[in-house]
Amino acid sequence: MARVIRIENFEAPELDVYARLREIQLLNRHEPEKGIFIAESPRVIERALDAGCVPLSFLAEERYLQKEAEEILKRCGEIPVYTAQMDVLARITGYKLTRGMLCAMRRPPLPAAEEVCGGVRRIAVLENVVNPTNVGAVFRSAAALNMDAVLLTPDCSDPLYRRSIRVSMGTVFQIPWTYLRDLSWPQGGLAFLRGLGFRTAAMALTEDCVSVDSTELLAQEKLAVILGTEGDGLAADTIADCDYRVRIPMAHGVDSLNVAAASAVAFWELGRRPDAR
């Protein structure tokens, strides 16, 4: 059974992880095996538990302990559950809790890129996407629209930042992903993908673009869909080195979409099998 602990002291160090530590401190780059992330809401926490993530403690509104939280806590053994009324919790966290529940969890070790890419047909690659909201939205689209895995270049925002997890609705725990940290980007990363049999498709605005609904693209057995940073898009070297340059047809003189919106369109078109049309 979980150990329910009513909050009496706002400054208790056990609450630092929820109230006072910044994301970069939770990440703990120097000792990644000690890194922590925060999952919000019962549904997201359940998805993290299903993926094998290890819970360390909970922060929960009292009225949820006998409701949504009850079944989750049964899965977690004797870990501390810090609790209080919502007005008290809001003073600690600075905002209203999503569905009344947070969980601090140990960061799982990242798999190797070879493991993530093994036996899959569609991969999303994010190049320097720095907004956590966009990263979370891309993951949600990737999971929903038939991407098998996600790769991120080293300068991308962390998918386990609190906002990314929340926006993704926990799909960051359902779709395999990792960083391309041991490969130079773009040359090394693109060569790695080609070595595994992937053709590479850069979402970009160039003269030689093919449409995202191209039958040639859809027919590719293994395809990596590459999306660039907010504002500037993909780097010129990345665009030049990819097998395809791909454009989403636009109306009313609009030239592009936000990376999260573009990912949803691209994944919908390119994630389907040829016989699904």
Side-chain angles (χ1 to χ4, degrees), residues 22-39 47-48 51-54 105-143 147-168 170-196 198 200-203 222-230 232-235 237-239 241-242 259-260 263 266-267:
R22 295 175 296 142
E23 294 276 19
I24 194 66
Q25 292 172 297
L26 295 177
L27 176 58
N28 198 343
R29 291 187 186 276
H30 297 296
E31 296 182 276
E33 69 280 1
K34 296 182 180 179
I36 294 171
F37 69 88
I38 304 296
R47 287 178 172 171
C53 296
V54 178
M105 292 182 150
R106 185 72 66 199
R107 280 179 170 265
L110 285 179
E114 292 84 356
E115 180 182 347
V116 167
C117 297
V120 304
R121 61 181 296 271
R122 291 293 185 265
I123 293 175
V125 183
L126 304 188
E127 178 185 271
N128 303 341
V129 177
V130 297
N131 185 302
T133 297
N134 284 335
V135 170
V138 171
F139 265 83
R140 190 171 184 180
S141 293
M147 292 294 108
D148 300 308
V150 179
L151 298 175
L152 304 98
T153 62
D155 289 335
C156 282
S157 180
D158 192 330
L160 293 186
Y161 279 171
R162 187 180 296 191
R163 182 176 292 276
S164 293
I165 296 172
R166 181 167 67 245
V167 172
S168 82
T171 54
V172 294
F173 307 114
Q174 295 179 303
I175 186 167
W177 64 271
T178 196
Y179 282 98
L180 290 166
R181 288 194 172 123
D182 297 327
L183 298 165
S184 63
W185 182 264
Q187 288 79 12
L190 293 175
F192 165 76
L193 290 169
R194 289 197 186 97
L196 295 176
F198 286 92
T200 53
M203 302 301 300
K222 300 176 79 171
L223 189 67
V225 183
I226 304 173
L227 300 118
T229 186
E230 300 86 353
D232 294 334
L234 289 170
D237 287 351
T238 304
I239 296 171
D241 287 349
C242 282
V259 64
S263 74
F267 299 163

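The figures that follow rest on heavy atoms only: side chains count, while hydrogens, waters and symmetry mates do not.
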Any idea which heavy atoms bring [X] and [Y] closest together, and the distance?
X: Thr178; Y: Pro111; answer: OG1-O, 2.7 Å
X: Leu223; Y: Ala201; answer: CD1-CB, 4.1 Å
X: Ile38; Y: Arg162; answer: CG1-NH2, 3.3 Å
X: Gly35; Y: Arg106; answer: O-CD, 3.5 Å
X: Ala224; Y: Val125; answer: CB-CG2, 4.3 Å
X: Cys242; Y: Thr200; answer: CA-OG1, 3.3 Å

Legend entry - Non-neighbouring partners of Phe198 that pass ring-ring contact (aromatic ring centres under 6.0 Å, His included), sequence neighbours left out: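 Phe198 satisfies ring-ring contact (aromatic ring centres under 6.0 Å, His included) with no residue once adjacent residues are dropped.
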Legend entry - Pairing residues for Phe267 by the ring-ring contact (aromatic ring centres under 6.0 Å, His included) criterion, not counting sequence neighbours: none
Legend entry - For Ser168, side chain to side chain contact (heavy atoms under 4.5 Å, CB included) partners two or more places apart: Phe139, Thr171, Val172
Legend entry - With sequence neighbours excluded, residues passing side chain to side chain contact (heavy atoms under 4.5 Å, CB included) with Glu230: Val129, Val130, Asn131, Asn134, Val259
Inset, instruction - Let me see the working for Ile226 and Leu190 under side chain to side chain contact (heavy atoms under 4.5 Å, CB included), right down to the final yes or no. - result: CA-CA 10 Å; Ile226 304 173; Leu190 293 175; 3.5 Å; yes
To the nearest 0.5 Å, tell me how far [X] [atom1] sits from [Y] [atom2].
X: Leu193; Y: Cys117; atom1: CG; atom2: SG; answer: 6.0 Å
X: Glu114; Y: Asp182; atom1: CD; atom2: CG; answer: 8.5 Å
X: Tyr161; Y: Glu23; atom1: OH; atom2: CD; answer: 6.5 Å

Legend entry - Side-chain heavy-atom pair Phe37, Pro108 within 4.5 angstrom cut-off: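 Counting from C-beta outward, Phe37 and Pro108 do come under 4.5 Å.
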Legend entry - Validation row: Met105, Val54 side chains within 4.5 angstrom (heavy atoms): no
Inset, instruction - Tell me, with the steps shown, if Leu227 and Leu234 meet side chain to side chain contact (heavy atoms under 4.5 Å, CB included). - result: CA-CA 7 Å; Leu227 300 118; Leu234 289 170; 5.7 Å; no
Inset, instruction - With side chain to side chain contact (heavy atoms under 4.5 Å, CB included) as the test, would you mind laying out the steps for Asp241 and Gln187 before giving the verdict? - result: CA-CA 7 Å; Asp241 287 349; Gln187 288 79 12; 3.7 Å; yes
Legend entry - Test item: side-chain donor near acceptor, Glu127 and Thr229, under 3.5 Å: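 On atom types as modelled, these side chains do not qualify, holding no pair under 3.5 Å.
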Inset, instruction - For Arg181, check salt bridge (Lys or Arg N to Asp or Glu O under 4.0 Å) against everything at least two apart and list the hits. - result: none
Inset, instruction - Check the pair Met203, Val225 against side chain to side chain contact (heavy atoms under 4.5 Å, CB included), reporting the backbone distance first and the verdict last. - result: CA-CA 7 Å; Met203 302 301 300; Val225 183; 4.0 Å; yes
Report, one line per pair, each donor and acceptor closer than 3.5 Å where one atom sits in a side chain of residues 147-158; sequence neighbours left out.
| residue | atom | partner | partner atom | Å |
| --- | --- | --- | --- | --- |
| Asp148 | OD2 | Arg121 | N | 3.0 |
| Asp148 | OD2 | Arg122 | N | 2.9 |
| Thr153 | OG1 | Leu126 | O | 3.4 |
| Thr153 | OG1 | Asn128 | N | 2.9 |
| Thr153 | OG1 | Asn128 | OD1 | 3.0 |
| Asp158 | OD1 | Leu160 | N | 2.8 |
| Asp158 | OD2 | Arg107 | NH1 | 3.0 |
| Asp158 | OD2 | Arg107 | NH2 | 3.0 |

Legend entry - Asn28 CG: over 12 foreign heavy atoms closer than 6.0 Å: yes
